[in-house]
Amino acid sequence: MKKAIYPGSFDPVTFGHLDIIRRAAGLFDTLTVLVMINSAKRTLFSPDERVNMIRGLLTEFPNVDVKATDRLLVDYARENDINIVVRGLRTTTDFEYELQLAHIYKKENEGLETVFLATEMEYSYLSSTVVREFASYHGDISPFVPASLIPLIEEKYK
């Protein structure tokens with residue numbers, strides 16, 4: 001069974017993230033979307049809020065689960081017998097950073113392979129940072145996130 005993990009902060013989850021999740025779900029038997037908790041990083045949504053938002057958007061994917069962890073990705077993967085990491089790429093800058101991470105993952109967990117999925121062109125500009133920036137100025141975020149998330153995001157900026 002091919003088990004993969006797609007880690008990220010997902011603060012908030014965007015159409016770009018959902019595209020990678022949809023495509024990865026079709027490639028692997030199981031996919032764990034892993035909300036990474038970094039205590040040094042200030043987030044808009046709590047880990048539980050992010051997990052619940054993502055779960056609500058993935059009901060059509062029975063082979064996808066959503067979890068959160070404050071542990072190292074390599075340890076989580078090892079403990080859960082997951083040997084594939086999925087990473088989305090938007091730009092060459094992403095590739096340079098993600099390649100470094102892939103090498104670190106491999107050094108720390110020899111059995112862990114990284115698979116890169118190039119984002120669809122329509123999402124190549126999109127990031128959670130862009131969503132938060134637009135939302136903080138009460139801009140239109142409908143091109144970036146599912147409609148069900150818009151009120152939740154806007155509430156954070158009232």
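For reference, positions follow the sequence shown, starting with 1. Side chains are part of it too, since the values below use all heavy atoms of this structure and drop only hydrogens, waters and symmetry mates.
- Checked against the 6.0 Å centroid criterion, the rings of F116 and F95 qualify as a close aromatic pair.
- Residues L117 and V86 form a side-chain contact, since some pair of their non-hydrogen atoms from C-beta on lies under 4.5 Å apart.
- Remark: the D11 side chain and the S9 side chain contain no N/O donor-acceptor pair separated by less than 3.5 Å.
- Between the N80 side chain and the Y76 main chain, a donor and an acceptor come within less than 3.5 Å of each other.
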Under the side-chain contact (heavy atoms from CB on, under 4.5 Å) rule, what do V85 and E113 come out as? Steps first, then yes or no, please.
-> CA-CA 6 Å; V85 177; E113 296 292 343; over 6 Å; no

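- Of the possible polar contacts, one joining the D94 side chain to the R90 backbone as a donor-acceptor pair under 3.5 Å is found.
- Remark: the backbone N or O of G111 is not paired with any side-chain donor or acceptor of N83 at under 3.5 angstrom.
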D81 and K3: side-chain contact (heavy atoms from CB on, under 4.5 Å), yes or no, with the steps?
-> CA-CA 8 Å; D81 196 31; K3 295 166 61 174; 4.0 Å; yes

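- At least one donor-acceptor pair closer than 3.5 Å links the side chain of T69 to the backbone N or O of R71.
- Between K67 and D65, at least one side-chain nitrogen of the basic residue sits less than 4.0 Å from a carboxylate oxygen of the acidic one, meeting the salt-bridge criterion.
- For E108 and R78, the salt-bridge test fails: no basic side-chain N is under 4.0 Å from an acidic carboxylate O.
- We find the OG1-CG distance between T114 and L101 to be 8.0 Å, quoted to the nearest 0.5 Å.
- Using a distance-only test at 3.5 Å, with no hydrogens or angles considered, a donor-acceptor pair links the side chain of R55 to the main chain of V66.
- The backbone N or O of T119 lies less than 3.5 Å from no partner atom in the side chain of R23, so there is not a single donor-acceptor pair.
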Chi angles and distances behind the side-chain hydrogen bond (donor to acceptor under 3.5 Å, both in side chains) call for D140, S142 | CA-CA 6 Å; D140 179 15; S142 64; 2.6 Å; yes

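- With values rounded to the nearest 0.5 angstrom, L89 atom CG is found 8.0 Å from T91 atom OG1.
- In terms of modelled atom types and a separation under 3.5 Å, the side chain of N63 and the main chain of A25 share a donor-acceptor contact.
- Formation of a donor-acceptor pair under 3.5 Å by the H17 side chain with backbone atoms of T14 is found in this model.
- Looking at every heavy atom in both residues, P146 comes nearest to L18 through CG-CD1, 3.5 Å.
- Using a 4.0 Å cut-off between a side-chain N of Lys or Arg and a carboxylate O of Asp or Glu, E49 and K156 qualify as a salt bridge.
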